[in-house]
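Worksheet: one structure, shown below.
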Protein chains: 2
Amino acid sequence: MTKKQIIIDAAIELFAAKGIEATSVQQITEHCGISKGAFYLSFKSKDELIIAIIEYFMSNIIMDVDHAVSETANRTDKLYVYFVKTFTILSQYTGFAEILMRERSTTISEKLIEKVHFFVEMANGNLTKLLFDVFGNQIEEKQYDLVVVVNGMVHSYAQMLFESKQHIDIQKLAETLVEKTTILAMNSELVFLKKPISLPHASESIPPVVEIIQGLQQACTYSSNKLEKESAQLLIEELQSDTTRAAIVLGLVSNLEKNDKFEWYCYLLRKQFQ
Amino acid sequence: MTKKQIIIDAAIELFAAKGIEATSVQQITEHCGISKGAFYLSFKSKDELIIAIIEYFMSNIIMDVDHAVSETANRTDKLYVYFVKTFTILSQYTGFAEILMRERSTTISEKLIEKVHFFVEMANGNLTKLLFDVFGNQIEEKQYDLVVVVNGMVHSYAQMLFESKQHIDIQKLAETLVEKTTILAMNSELVFLKKPISLPHASESIPPVVEIIQGLQQACTYSSNKLEKESAQLLIEELQSDTTRAAIVLGLVSNLEKNDKFEWYCYLLRKQFQ
DNA sequence: TTGACAGTTGACCGATTAGTCATTATTATA
DNA sequence: TATAATAATGACTAATCGGTCAACTGTCAA
């Protein structure tokens, strides 16, 4: 386990227990038995740590849920899997989930807000696709409202789940949410949202290839595998080229996606080029 | 306007803009043109200010919505009025609403968490009553799930409303929410929650008459009206008596409820004795 | 054994925090 | 007008914050 990971784990525990603002770097370092100086060897600032945590979890959650849904062949089961997986991950990462629930971009930097908005839009996009898969084009007009309502239900039950620490039956919860979603998708006719909710600054932070390249470069420094290093280098060159060839990108991606460090960027590239 | 009120107004603005933790007492006092010392003449601590703000708003919101719903004669209109009023107040008090949305009891004291839970349970109780009024006993089994889902939808749309600062058509939003709620109330059959969600510590903080008495006493110091002072004194005595007579309580309440300072306690007493 | 070096440390810095209190300004009373 | 009472001030304290950096430690090759 890298030092970064040790710090992240300690920070999540403390952030969840006391809030982000109220947790000091000092407390984090004490909690994982390193010195203050050592912290700043791994992270340039406290903000950078926070961003790293958000990125780490949001990307994992989005990928896990999406993979689970994609692997489900039966259309009608997809929605059920979506809810089960979502709540499973949320209860697995209780600490971080609590942070997410209550600290949706309080004080922290502008950069973080953009990051969160990007992930939220990505998650909403996946949910929209899922709803179309399950219910077909009949939900065309109500798609934006449906997304908001589904998010609302998930949020509401999740918050309940965390505030009263009781153990819950995720399968059963998922069943009832599938029923509610289906009822709404089939029967509701009034439309409030006629277009997607435009979050401020979100459009500018759409996955600029630049960011993916930077991410790949950084991930490269962690890898010792020669094939991976070469693939990553070629991938970066291909992306920078004016005539990026999808086949080559996807081929190189399949060389890299087994490594955790590259996983998120591979996921983004597959979304874009497949 | 009392000095307390001036401070509260300034604090709300700053809390909403920068978050509670990140707003200093200094900034609050500068924002309303008083000295730091003067602040501590009105509030014993920053925590006390925060609690006062929460109490001020939560009680106002609960009372406003409840009154509006009660005044609506037609049953089928009640739900519509509930949503319209809720979003109207939330957009009216945007600042505080934003605080509520994102800072559900982060760092702040244990006492505050209990306070919030009490208000949440009160609001949930009112919503439950409303749903029974509108849909009758057919929702008996699904009442707890319905409350959670309705709260989720409100939360979700409200957050959207605040993050993208666009102006919204509250009437139309209310209509679609009425439709969705009705569809769910009529058609859903699966039940997840078989009993109310028990929030930790919430049961102990049920409106102990003691707290009402304390509140009345404090409110008394602000009133100069003689009838009010006498009524309040008699009310306190009646509440402390072993054989509290409902008729007397309600009579005295009607002497007091026009005064803002007493309003909330009168509301609580009416709920209890009517 | 020496010396170069990466990794680690914790005392320290300037800024900021919540909260205090001797002092001053204002008002009411006589 | 003089005196008492109350309200308001802002310099001050002790603590804590994020962040820095000269000094220290342990590990190797020579």
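Residue numbering restarts at 1 for every chain, and letters A, B, ... go by the order of the sequence lines.
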Self-check item: Distance, rounded to the nearest Å, where D47(B) contributes CG and dG19(C) contributes C1'
Solution: 12 Å

Quiz item: Does any non-hydrogen side-chain atom of N124(B) lie less than 4.5 Å from one of N151(B)?
Solution: yes

Quiz prompt | Residue-phosphate contact under 4.0 Å: K46(A) side-chain N/O, dC17(D) OP1/OP2 | solution = no

Exercise. Look at all strands and tell whether S42(B) reaches a base, only sugar-phosphate, or nothing, counting heavy atoms closer than 4.0 Å.
Key: nothing

Quiz item: Counting only N and O atoms by type, is there a donor-acceptor contact under 3.5 Å from the side chain of E48(A) to the main-chain atoms of K44(A)?
Solution: yes

Self-check item: Atom-pair distance (NZ on K4(B); C1' on dA8(D)), nearest Å
Solution: 17 Å

Practice problem: Please identify each residue that fulfils salt bridge (Lys or Arg N to Asp or Glu O under 4.0 Å) with E257(B), with sequence neighbours left out. | Solution: R270(B)

Quiz item: Below 4.0 angstrom from OP1 or OP2 of dC17(D), is there any side-chain N or O of S24(A)?
Solution: yes

Quiz item: When you check every protein heavy atom under 4.0 Å of nucleotides 20-28 of chain C, what one-letter string (B, S, -) results, 5' to 3'?
Solution: BB-------

Self-check item: Close aromatic pair by centroid cut-off 6.0 Å: F119(B) and W264(B)
Solution: yes

Self-check item: Results of side chain to side chain contact (heavy atoms under 4.5 Å, CB included) for Q26(B) - residues two or more places apart only
Solution: S24(B), E30(B), K36(B)

Practice problem: Within residues 26-35 of chain B, find the residues that approach DNA chain C with a heavy atom at under 4.0 Å, and present them sorted by residue number. | Solution: none

Self-check item: Nearest-angstrom distance from the residue atom CG of L41(A) to C1' of dC24(D)
Solution: 14 Å

Quiz item: Taking atom NZ of K258(B) as the centre, does the number of heavy atoms from other residues, nucleotides or ligands within less than 6.0 Å exceed 12?
Solution: no

Self-check item: K3(A): salt bridge (Lys or Arg N to Asp or Glu O under 4.0 Å) partners, not counting sequence neighbours
Solution: none

Please tabulate, for the side chains in residues 5-14 of chain A, all donor-acceptor contacts under 3.5 angstrom to protein atoms that are two or more places apart in sequence or on a different chain.
none

Quiz item: Between dG10(C) atom P and F39(A) atom CZ, what is the distance in whole Å?
Solution: 17 Å

